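Note sheet for the following structure.
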2 protein chains.
Amino acid sequence: MEEKEISQAVVGRLPRYFRYLGELKDEGIERVSSQELSDIMQVTASQIRQDLNNFGGFGQQGYGYNVGFLYDEIGKILGLHREHNLIIVGAGHLGQALVNYMNFERRGFIFRGIFDKDSQVCGRKIRGITVQPMKEMESFVRENDIDIAVLTIPKTSAVEVAEQLAGCGIKGIWNFAHVDLRVPDRIQVENVHLSDSLMKLSYNLSSREFAE
Amino acid sequence: MEEKEISQAVVGRLPRYFRYLGELKDEGIERVSSQELSDIMQVTASQIRQDLNNFGGFGQQGYGYNVGFLYDEIGKILGLHREHNLIIVGAGHLGQALVNYMNFERRGFIFRGIFDKDSQVCGRKIRGITVQPMKEMESFVRENDIDIAVLTIPKTSAVEVAEQLAGCGIKGIWNFAHVDLRVPDRIQVENVHLSDSLMKLSYNLSSREFAE
DNA sequence: TCCTCCCTGTCAATTCATTGACATAATTTT
DNA sequence: AAAATTATGTCAATGAATTGACAGGGAGGA
């Protein structure tokens, strides 16, 4: 299926295309040209065509792109046509917030388990899912066909937990801990470093002041 | 201060340098060469030197970089040497999680107010801060020297709220709503699109399967 | 059916980012 | 004090990403 390696720059733009196409679809719009999309999304039409062509010719000359079709195709490319089983490790505020955020489920990302090392928290239910102790994690991952682990734990324990997860066949880690994980190549890690993001904003605020 | 424009690629790496330098500092290490940093951080030494030189010559030939000094300098570049006043708009799970996440305060990002449109939620206290109704937001921003607004609200209301914030002199928006905000150029927007991030992970999971 | 216009897919050109190479300066060793 | 080593700052070379240009394949109207 994948012939040439797709750059992460392109991959990073796919969800945004997907979002805008979804909106157009909801508005009942059937066709769209790269130029129209360009106007809406504030990227060049050339980039849109270039990006989409990495995955095949979805458009038609003289017509443009069929919104519904393109939406579905990008969804498939992103792997949204099938379900993913997730667990959350770390039942703190952030972990709970993610479990309660329904939009993930709508896209096929289903939370199957929650784990926490604090025995006080274990047994509590979050959105119908019982928090389990850490020692149950590895067997749970193996027995329930878990694809993705979401790490919402302090960085001190994240490295160790990532190793455990690597050992029991997890495929991907969505990492909110403020540390870079070293895992085998077969495991994909997607980092969400919130404080990095906030610092970037802070930088851009200060640099802006002097630019004037 | 800023002579040439620094690319966002560089800015995006600064927090990571900052983090690793902080760790070295905590370990009591005083000096580090670009080559040593390169080994630890898994980026090329050349890139490290190139990046740092955008902001000045922090190192010394034959010696390397002084960890503490470089840490402080990058902190200043990132604007962490002064406090930022923040408000949260949207007291849902995610908003609460962010308020409760102490690490931001440690870096000088102080939450001054929380706002929500749900009158049921207003009046409740989150970490000592009373949730206020939306109509108080604009005057609060003006009167309390608020720099940054954190949007943890659904996308439907985010656009409107962003406009209100633009009107009352906010400088930056940390946007967790799943929508692209259109605000005047003077306002910096940093997006955290969690579902985009998860979709990227999903893509990389599927593409990996076929690559083997 | 034919003609005109539209818009993609793709190639080429340009811009931007990363890596490599090295002259030079400070440190450390002898 | 001199020699050897270390490691920066910077320039040049390479590589990657974005933009521009256009041939040619439909679509839509007459």
Side-chain angles (χ1 to χ4, degrees), chain A residues 2-17 20-21 24 29-74 77 200 203-204 207, chain B residues 2-17 20-21 24 29-74 77 200 203-204 207:
Chain A
E2 313 295 311
E3 299 183 13
K4 58 172 173 295
E5 189 73 19
I6 306 292
S7 87
Q8 288 299 305
V10 174
V11 177
R13 285 190 292 265
L14 291 179
R16 190 152 177 267
Y17 293 136
Y20 275 90
L21 287 165
L24 289 175
I29 293 167
E30 278 182 1
R31 62 183 268 192
V32 69
S33 70
S34 60
Q35 186 54 56
E36 287 165 334
L37 252 189
S38 162
D39 294 339
I40 303 170
M41 294 184 62
Q42 315 268 42
V43 294
T44 62
S46 188
Q47 180 162 76
I48 294 171
R49 294 204 297 276
Q50 193 85 278
D51 284 350
L52 296 179
N53 257 90
N54 283 296
F55 304 97
F58 299 128
Q60 209 158 44
Q61 286 158 323
Y63 175 86
Y65 299 90
N66 179 287
V67 171
F69 175 73
L70 186 55
Y71 177 83
D72 290 344
E73 287 300 314
I74 295 181
I77 292 166
K200 248 194 292 178
Y203 171 86
N204 285 320
S207 76
Chain B
E2 312 297 310
E3 298 182 14
K4 58 173 175 294
E5 189 74 19
I6 307 292
S7 85
Q8 288 299 305
V10 174
V11 176
R13 284 190 293 263
L14 291 178
R16 189 152 178 269
Y17 293 136
Y20 276 89
L21 287 165
L24 290 174
I29 294 167
E30 277 182 2
R31 61 182 269 192
V32 69
S33 70
S34 59
Q35 187 54 58
E36 288 165 334
L37 252 188
S38 161
D39 294 340
I40 303 171
M41 294 185 61
Q42 314 269 43
V43 293
T44 63
S46 188
Q47 180 162 76
I48 294 172
R49 295 205 296 279
Q50 192 86 278
D51 283 350
L52 296 179
N53 257 90
N54 283 297
F55 304 97
F58 299 126
Q60 207 157 46
Q61 285 159 325
Y63 176 86
Y65 300 89
N66 179 288
V67 171
F69 175 74
L70 187 54
Y71 177 82
D72 290 343
E73 287 299 314
I74 295 181
I77 291 166
K200 248 195 292 180
Y203 171 85
N204 285 320
S207 76

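Model, not experiment: these values are computed from the prediction.
Taking side-chain N and O atoms only, B:Ser7 has a distance below 4.0 Å to OP1 or OP2 of C:dA17. Taking side-chain N and O atoms only, B:Gln35 has no distance below 4.0 Å to OP1 or OP2 of D:dA7. A close approach under 4.0 Å does occur between a side-chain nitrogen or oxygen of B:Tyr65 and OP1 or OP2 of D:dG9. One finds no side-chain N or O of A:Thr44 lying less than 4.0 angstrom from the OP1 or OP2 phosphate oxygen of D:dT18.
In this structure, CG in A:Leu70 is found 10.0 Å from CG in A:Leu24, a value given to the nearest 0.5 Å. With values rounded to the nearest 0.5 angstrom, B:Tyr65 atom OH is found 5.0 Å from B:Leu52 atom CG. We find the OG-CD1 distance between B:Ser33 and B:Ile48 to be 8.5 Å, quoted to the nearest 0.5 Å.
Not a single donor-acceptor pair under 3.5 Å links the side chain of B:Arg31 to the backbone N or O of B:Gly64.
When heavy atoms are screened at a 4.0 angstrom cut-off, B:Ser46 is found touching base atoms of the nucleic acid. Across all strands shown, B:Gln50 has heavy atoms under 4.0 Å from base atoms, whether or not it also approaches the sugar-phosphate.
For the pair B:Tyr203 and A:Leu14, the tightest heavy-atom approach, listed with the atom from each and the gap, is CD1-CD1, 4.4 Å.
In this structure, A:Asn66 places its CG atom 16 Å from P of D:dG26, rounding to the nearest Å. Atom pair A:Arg13:CZ and D:dT19:C1' shows a separation of 12 Å (rounding to whole Å applied). Rounded to an integer number of Å, the gap from CD of B:Glu36 to P of D:dA7 is 6 Å. For the pair B:Leu52 CG and C:dT18 C1', the computed distance is 15 Å after rounding to whole Å. In this entry the distance linking CG of B:Asp51 with C1' of C:dT19 reads 12 Å, nearest Å. Per the geometry, CG belonging to A:Leu37 stands 13 Å off C1' belonging to C:dT8, to the nearest Å. Atom C1' of nucleotide D:dC11 and atom CG of B:Asn53 are separated by 12 Å, given to the nearest angstrom. For the pair A:Gln8 CD and C:dA17 C1', the computed distance is 16 Å after rounding to whole Å.
For residues 42-53 of chain A, the set of pairs meeting the side-chain hydrogen bond (donor to acceptor under 3.5 Å, both in side chains) definition, not counting sequence neighbours, comprises A:Arg13-A:Asp51, A:Tyr17-A:Asp51, A:Ser34-A:Arg49.
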For nucleotides 27-29 of chain C, print each protein N/O atom paired with a nucleotide N/O atom at under 3.5 Å, atom names and distance only.
unit_1, atom_1, unit_2, atom_2, d
C:dT28, OP1, B:Arg31, NH1, 3.3

If you apply the rule side-chain contact (heavy atoms from CB on, under 4.5 Å), what do you find for B:Ile74 with B:Phe55, and how did you get there?
CA-CA 9 Å; B:Ile74 295 181; B:Phe55 304 97; over 6 Å; no
